[in-house]
Amino acid sequence: MNTQGCHRCRVTLRRGWSFAFKTASAPSSAHDAGPPGASVRCLRCALQHPGLLRRSLTASLVVGTALTLLNHGDTLLAGGWNSALYWKIPLTYCVPFLVATYGALSNCRQ
């Protein structure tokens, strides 16, 4: 059991459920022990990290737009908008967002 606490909310972290994010400065106290220059966070706080969200949203916009154009471009250019596109297009953007978020969390997991 890891007695380390989340840098943001101070909840006690368990091994495998903590995530280290790079910071501009070193941790402020021994309670924030972790890799030098890293902010250690719980899953809830990690999912709210602005850098992680920004990268995931960027990946989602780029990949989602490419996939939408590849999969539905002919229908959209022809002006034939059917009711199925109301759920297919948002889902096309959600999948890359979830994959990018999962990949980032897997990379910074402790």
Side-chain angles (χ1 to χ4, degrees):
M1 186 71 96
N2 193 347
T3 59
Q4 180 174 315
C6 175
H7 183 259
R8 189 166 176 243
C9 70
R10 301 291 184 208
V11 71
T12 302
L13 299 173
R14 294 181 308 165
R15 183 165 177 77
W17 288 100
S18 61
F19 304 89
F21 293 92
K22 292 180 185 174
T23 59
S25 62
S28 59
S29 69
H31 181 74
D32 300 331
S39 170
V40 180
R41 297 183 179 205
C42 64
L43 177 61
R44 184 178 53 123
C45 293
L47 289 172
Q48 297 173 9
H49 189 268
L52 179 132
L53 291 174
R54 190 177 323 110
R55 285 188 300 271
S56 293
L57 283 171
T58 302
S60 176
L61 287 173
V62 171
V63 175
T65 300
L67 289 173
T68 298
L69 292 175
L70 287 170
N71 294 329
H72 309 293
D74 55 342
T75 304
L76 294 173
L77 291 175
W81 187 274
N82 59 35
S83 61
L85 292 180
Y86 285 110
W87 64 269
K88 286 183 177 181
I89 291 177
L91 191 60
T92 302
Y93 285 90
C94 288
V95 171
F97 177 82
L98 294 173
V99 170
T101 302
Y102 175 77
L105 289 176
S106 295
N107 188 40
C108 65
R109 189 173 190 170
Q110 288 190 321

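In what follows, every heavy atom counts, from backbone to side chain, and hydrogens, waters and symmetry copies are set aside.
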Inset, instruction - Would you please name every residue forming a side-chain hydrogen bond (donor to acceptor under 3.5 Å, both in side chains) with Tyr93, sequence neighbours left out? - result: Thr65

Inset, instruction - Sequence neighbours left out, what passes side chain to side chain contact (heavy atoms under 4.5 Å, CB included) with Asn107? Give chain and number order. - result: none

Legend entry - By side chain to side chain contact (heavy atoms under 4.5 Å, CB included) - contacts of Leu98 (at least two apart): none

Inset, instruction - Using the ring pair (Phe, Tyr, Trp, His ring centres under 6.0 Å) rule, collect all pairs that involve residues 51-78, keeping only residues at least two apart or in two chains. - result: none

Cut-off 3.5 Å, no hydrogens considered: what does the side-chain donor-acceptor table look like for residues 40-52, sequence neighbours left out?
unit_1	atom_1	unit_2	atom_2	d
Arg41	NE	Ser39	OG	3.3
Gln48	OE1	Arg8	NH1	2.5
Gln48	OE1	Arg8	NH2	3.1
His49	ND1	Gly51	N	3.2
His49	ND1	Leu52	N	3.4

Inset, instruction - Please list, chain by chain and in numerical order, all residues satisfying side-chain hydrogen bond (donor to acceptor under 3.5 Å, both in side chains) with Thr101, sequence neighbours excluded. - result: Ser56

Legend entry - Smallest separation among heavy atoms of Pro90 and Leu85, with atom names: CD-O, 3.9 Å

Legend entry - For Thr92, side-chain hydrogen bond (donor to acceptor under 3.5 Å, both in side chains) partners two or more places apart: none

Legend entry - Partners meeting side chain to side chain contact (heavy atoms under 4.5 Å, CB included) with Ala84 (sequence neighbours left out): Asn82, Trp87, Lys88

Legend entry - Single-linkage hydrophobic cluster Leu76~Tyr86, side-chain heavy atoms < 4.5 angstrom: yes

Inset, instruction - Check whether any side-chain heavy atom of Leu69 sits under 4.5 Å from a side-chain heavy atom of Leu67, and report yes or no. - result: no

Inset, instruction - To the nearest 0.5 angstrom, please state how far the CZ atom of Arg109 sits from the CZ atom of Arg15. - result: 10.5 Å

Legend entry - Trp17: side-chain hydrogen bond (donor to acceptor under 3.5 Å, both in side chains) partners, not counting sequence neighbours: none

Inset, instruction - Tell me whether Leu61 is reachable from Ile89 by hopping between hydrophobic residues (I, L, V, M, F, W, Y) whose side-chain heavy atoms are closer than 4.5 Å. - result: yes

